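Below: one structure in structure tokens.
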Amino acid sequence: MRRINAAVDRSVEWLVVAIFLAMVLVGGFQVFNRFVLNSSLSWSEEFQRYGQVWLVFLGIPVAYEKGMHIGMDSAQAVFAEPGKRGFLLLVDVLWCILGMVILVGLYRLSAFLGFQRSAGLGIPMTWAYGGMAIGAAYMIFVGARRIGTNLLGRHSDLPDWR
């Protein structure tokens, strides 16, 4: 199971790297075209915008999985070890709820997005905002994994939030 989890984590991390690299390359190409060739690309700004949506919504659960979001040290310090474990469990449950709320909201929004295409790229808007759904699903996956790890008492598997 650890191999599958590690493969999923690495895949999402590499996807974030690839999206960021593509955004940098397209942005550099746009600057080159605008200032050297005197010709602007019609689609680069839209590509950057939707790339950023993907980057943010995939990056949030990656940082969560690594314990890199702002920790609540003062709240954790109030509790003894069992209370701290319960507090972290509550935080993980709230992350899962956030992922579910995002998925439900996207499901409702998809009724409108299914008929629209982006102006510059001409792609379906469901593709443009697909990163939100993938990121929310990955957030739930990471949260469920952390909840299971916490309930089994394997604290060493959880990133240190301090």
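As the structure is a computational prediction, the values presented were derived from the model and not from experiment. Residues: numbered from 1 along the sequence shown.
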Looking at CD1 of Ile134 and CG of Leu106, how far apart are the two atoms once the value is rounded to the nearest 0.5 Å?
11.0 Å
Verify same cluster id: Leu103, Leu109 (apolar side-chain graph, 4.5 Å):
no
Taking everything shown except Phe141 itself, do over 12 heavy atoms lie less than 6.0 Å from its CZ?
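More than 12 heavy atoms, drawn from other residues, nucleotides or ligands, come within 6.0 Å of this atom.
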How long is the span from the CE atom in Met100 to the CH2 atom in Trp95, to the nearest 0.5 Å?
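If I round to the nearest 0.5 Å, the distance is 13.5 Å.
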If only atom types and distance count, is the side chain of Arg85 paired as donor or acceptor with the main-chain N or O of Leu151 below 3.5 Å?
yes
Among pairs that include at least one residue of residues 22-40, which meet side chain to side chain donor-acceptor pair (under 3.5 Å), considering only residues two or more places apart or in two chains?
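Residue pairs with at least one partner in residues 22-40: Gln30-Ser40, Gln30-Ser44.
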Same cluster (ILVMFWY, side-chain, under 4.5 Å), Val16 and Val24
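Yes, it is one cluster - the side chains of Val16 and Val24 are joined through contacts under 4.5 Å.
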Which atom of Ile102 lies closest to which atom of Ala136, heavy atoms considered:
CG2-CB, 3.7 Å
Minimum heavy-atom distance between Leu58 and Gly131, given as atom pair plus value:
CD2-O, 4.2 Å
Please collect all ring-ring contact (aromatic ring centres under 6.0 Å, His included) contacts where either partner lies in residues 28-54, sequence neighbours excluded, each pair once.
Tyr50-Tyr129
Looking at Arg108, I want to see if its CZ is surrounded by more than 12 non-hydrogen atoms of other residues, nucleotides or ligands under 6.0 Å.
no
Which heavy atom of Gly99 sits nearest to which heavy atom of Ile140, and what is that distance?
C-CD1, 3.6 Å
Report yes or no: do Met23 and Val56 belong to one cluster of Ile/Leu/Val/Met/Phe/Trp/Tyr joined by side chain heavy-atom distances under 4.5 Å?
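Met23 clusters together with Val56.
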Side-chain (Glu46) to main-chain (Leu121) donor-acceptor, under 3.5 angstrom
yes
Between Lys66 and Arg10, the two heavy atoms sitting closest are NZ-NH1, 4.2 Å
Within one Ile-Leu-Val-Met-Phe-Trp-Tyr cluster: Phe79 and Val91, side-chain cutoff 4.5 Å:
yes
Kindly compute the distance separating CD (Gln52) from CD (Gln48), expressed to the nearest 0.5 Å.
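The CD atom of Gln48 is 8.5 Å from CD of Gln52, to the nearest 0.5 Å.
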Out of curiosity, Ile60 CD1 to Leu98 CG, how far, rounded to the nearest 0.5 Å?
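It is 7.5 Å, given to the nearest 0.5 Å.
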Are side-chain heavy atoms of Val8 and Glu65 found at a separation under 4.5 Å?
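In short, these two side chains do not touch, never coming nearer than 4.5 Å.
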If you look at every heavy atom in Ala144 and Cys96, which pair is closest and at what distance?
N-SG, 3.6 Å
Using 0.5 Å steps for rounding, measure from the CG atom of Leu88 to the CD1 atom of Ile147.
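Reported value, rounded in 0.5 Å steps: 11.5 Å.
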Measure the spacing between CH2 of Trp14 and CD1 of Ile19 and express it to the nearest 0.5 Å.
13.5 Å
Count the heavy atoms belonging to other residues, nucleotides or ligands that lie under 6.0 Å from CD of Gln116, then report whether that count exceeds 12.
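More than 12 within 6.0 Å, yes.
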